[in-house]
Amino acid sequence: MMIIVARWTVKIESVARVLDLMEEMIAATRKESGNLRYDLFQNPSSPQMILIYEEYKDAEAIEAHRMSEHFQNIVVKQILPHLEERSVQVFTAAASSSPLSS
């Protein structure tokens with residue numbers, strides 16, 4: 001399993017537009033065969049700060065997501081121009097987090 005944590009700072013005048021676009025993005029991403037979880041969070045005291053938590057089966061599933069029509073159309077073409085900042089981090093399970101065999 002692989003996890004992505006994306007942090008966005010949205011231009012304040014674009015927050016409502018980005019949130020509307022993300023509704024479509026969430027629905028489409030959750031239908032991907034390699035997607036395990038896709039959740040959007042918004043900072044209540046700074047509504048322009050968005051966090052997206054994503055879980056995928058493997059690296060191939062992440063690549064399929066990034067190349068998908070909905071990612072390219074919604075995120076790349078429509079959302080990215082409305083962001084002030086963007087960071088994306090990819091994580092895999094650490095060896096010590098795996099259950100120990102008895």
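All values below were derived from every heavy atom in this structure, side-chain atoms included, with hydrogens, water molecules and symmetry-related copies excluded. A quick note: this is a predicted structure, and the numbers were derived from the prediction, not measured.
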[atom1] of [X] to [atom2] of [Y]: how many Å apart, nearest 0.5 Å?
X   : Y   : atom1 : atom2 : answer
N73 : L21 : CG    : CG    : 9.0 Å
M25 : S68 : CE    : OG    : 5.5 Å
I52 : Q42 : CD1   : CD    : 11.5 Å

- Scan L51, L40, I50 and name whichever one has a side chain to side chain contact (heavy atoms under 4.5 Å, CB included) with W8.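 Output: one option passes, namely I50.
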
- With E55, the side chain to side chain contact (heavy atoms under 4.5 Å, CB included) member among I4, L36, N35: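 Only match with E55 under side chain to side chain contact (heavy atoms under 4.5 Å, CB included): L36.
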
Close side-chain approach of [X] and [Y], heavy atoms under 4.5 Å:
X   : Y   : value
I79 : M22 : yes
H70 : H65 : yes
E54 : I3  : no

- Task: Applying side chain to side chain contact (heavy atoms under 4.5 Å, CB included), name anything that partners E13, two or more places apart in sequence or on another chain.
- Result: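 Scan of E13 (side chain to side chain contact (heavy atoms under 4.5 Å, CB included), adjacent residues dropped) gives K11.
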
ILVMFWY cluster, [X] and [Y] together (side-chain gap under 4.5 Å):
X   : Y   : value
V88 : M1  : no
V5  : L83 : no
V15 : F41 : no

- Residue pair V10, E84: steps toward the side chain to side chain contact (heavy atoms under 4.5 Å, CB included) verdict: CA-CA 6 Å; V10 180; E84 291 178 358; over 6 Å; no

- Minimum heavy-atom separation for A27 to K31, with atom names?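 Looks like O-CG, 3.4 Å.
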
- Task: Write down the atom of P47, the atom of P44, and the distance for their closest heavy-atom approach.
- Result: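 Result for this residue pair: CD-O, 4.4 Å.
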
- Message: Heavy-atom count check: over 12 atoms from other residues, nucleotides or ligands less than 6.0 Å from M49 CE?
- Response: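 No, not enclosed.
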
- Query: Taking everything shown except Q89 itself, do over 12 heavy atoms lie less than 6.0 Å from its CD?
  - Reply: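 Enclosed: over 12 neighbouring heavy atoms sit under 6.0 Å from CD of Q89.
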
- Task: Please lay out, stage by stage, how Y53 and R37 fare under the test side chain to side chain contact (heavy atoms under 4.5 Å, CB included).
- Result: CA-CA 8 Å; Y53 177 85; R37 185 175 183 154; 3.8 Å; yes

Backbone N/O of [Y] and side chain of [X]: donor-acceptor pair under 3.5 Å:
X   : Y   : answer
S14 : R17 : no
E85 : T9  : no
K57 : S33 : yes
R30 : Y38 : yes

- What residues, two or more places apart in sequence or in another chain, satisfy salt bridge (charged side-chain N to carboxylate O under 4.0 Å, His left out) together with D58?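 Salt bridge (charged side-chain N to carboxylate O under 4.0 Å, His left out) list for D58, sorted by chain: empty.
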
- Query: With distance as the sole criterion, is a donor-acceptor pair present between the side chains of Q72 and R66 under 3.5 Å?
  - Reply: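 No pair is found: no donor N or O on one side chain lies under 3.5 Å from an acceptor on the other.
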
